[in-house]
Visitor: 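Got a structure for you, questions after.
Starting from 1, each residue takes its place in the sequence as its number.
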Amino acid sequence: MNYDLGLVVHNYLEAHRERIDAAQLRRYHYDYLRVNRILKHSMLECADVLIDRYRCPATITARYLPLGRRIGTQAVMLMPVSWRHQVWRDVLTLWNAPDERTRVHTLRRMDRRAERIAQTFATGPSLVQSLRRVGTTL
């Protein structure tokens, strides 16, 4: 989401640059942010899959807490919403880049951020499993 989405959006806009003015760019941004609502509405279904198919303890616990589903959905949505805002800022930085140096710097920054996020996701489950094997609780 943090790297590919930014490049796809930027490449599309760049391919149509001659037709895109400030008002059109604002409309694209509005539509881009509407996806956050779609993601939010799908969160409850995702929670059901985590519970029914994978018996996720954290999701099961959240389901039975007062307002657990609502608070859980809002908490989980913080991450993709934050990422999508950052992606849009990256898109605009690329869109407005005055030179190739700025563009390359932005792409490298996007790549480093995506790499750190991927490492976190890849390490997270294995770290939890390692801690469980040695009897440590979180």
Visitor: Take Ile20 and Tyr28, measure what side-chain contact (heavy atoms from CB on, under 4.5 Å) needs, and give me the verdict at the end.
Guide: CA-CA 10 Å; Ile20 298 175; Tyr28 280 125; 3.9 Å; yes
Visitor: Could you pull out all residues at least two apart from Arg109 that satisfy side chain to side chain donor-acceptor pair (under 3.5 Å)?
Guide: Asp90
Visitor: Minimum heavy-atom separation for Val91 to His10, with atom names?
Guide: O-CD2, 4.0 Å
Visitor: Would a hydrophobic clustering, with Ile, Leu, Val, Met, Phe, Trp and Tyr connected at side-chain separations under 4.5 Å, put Leu92 with Tyr12?
Guide: yes
Visitor: Begin from the C-alpha positions of Tyr32 and Leu5 and carry the test side-chain contact (heavy atoms from CB on, under 4.5 Å) through to its verdict.
Guide: CA-CA 11 Å; Tyr32 173 85; Leu5 178 61; 3.7 Å; yes
Visitor: Donor-acceptor pair, Asp111 side chain versus Leu107 backbone, under 3.5 Å?
Guide: no
Visitor: Do Leu44 and Val76 share a hydrophobic cluster, counting only Ile, Leu, Val, Met, Phe, Trp and Tyr and linking them when any side-chain heavy atoms are less than 4.5 Å apart?
Guide: no
Visitor: Tell me which pairs pass side-chain hydrogen bond (donor to acceptor under 3.5 Å, both in side chains) where either residue lies in residues 58-68, with sequence neighbours left out.
Guide: Asp48-Arg63
Visitor: Taking side chain as C-beta onward, heavy atoms only, is Leu33 less than 4.5 Å from Trp88?
Guide: no
Visitor: What is the distance from atom SG of Cys46 to atom NE2 of His41, rounded to the nearest 0.5 Å?
Guide: 13.0 Å
Visitor: Which salt bridge (Lys or Arg N to Asp or Glu O under 4.0 Å) pairs, counting each pair once, include a residue from residues 23-45, with sequence neighbours left out?
Guide: none
Visitor: Could you state the interatomic distance from CE (Met79) to CG (Leu39), rounded to the nearest 0.5 Å?
Guide: 11.0 Å
Visitor: Keeping the roles fixed (side chain from Arg55, backbone from Ile51), state whether a donor-acceptor pair exists under 3.5 Å.
Guide: yes
Visitor: Let me confirm one number: the CG-CG distance from Leu25 to Leu13, rounded to the nearest 0.5 Å.
Guide: 6.0 Å
Visitor: With salt bridge (Lys or Arg N to Asp or Glu O under 4.0 Å) as the rule and sequence neighbours excluded, what pairs involving residues 91-101 come up?
Guide: Glu100-Arg103
Visitor: By the salt bridge (Lys or Arg N to Asp or Glu O under 4.0 Å) test, which pairs, at least two apart or in different chains, include something from residues 10-25?
Guide: Glu14-Arg17
Visitor: When hydrophobic residues are tied together by side-chain contacts of less than 4.5 Å, even through go-betweens, does Met77 share a cluster with Val35?
Guide: yes
Visitor: Under a single-linkage rule joining Ile, Leu, Val, Met, Phe, Trp and Tyr whose side-chain heavy atoms are separated by less than 4.5 Å, which residues share a cluster with Val49?
Guide: Leu50, Tyr54
Visitor: Could you tell me if the side chain of Gln86 sits less than 4.5 Å from the side chain of Arg113, heavy atoms only?
Guide: yes
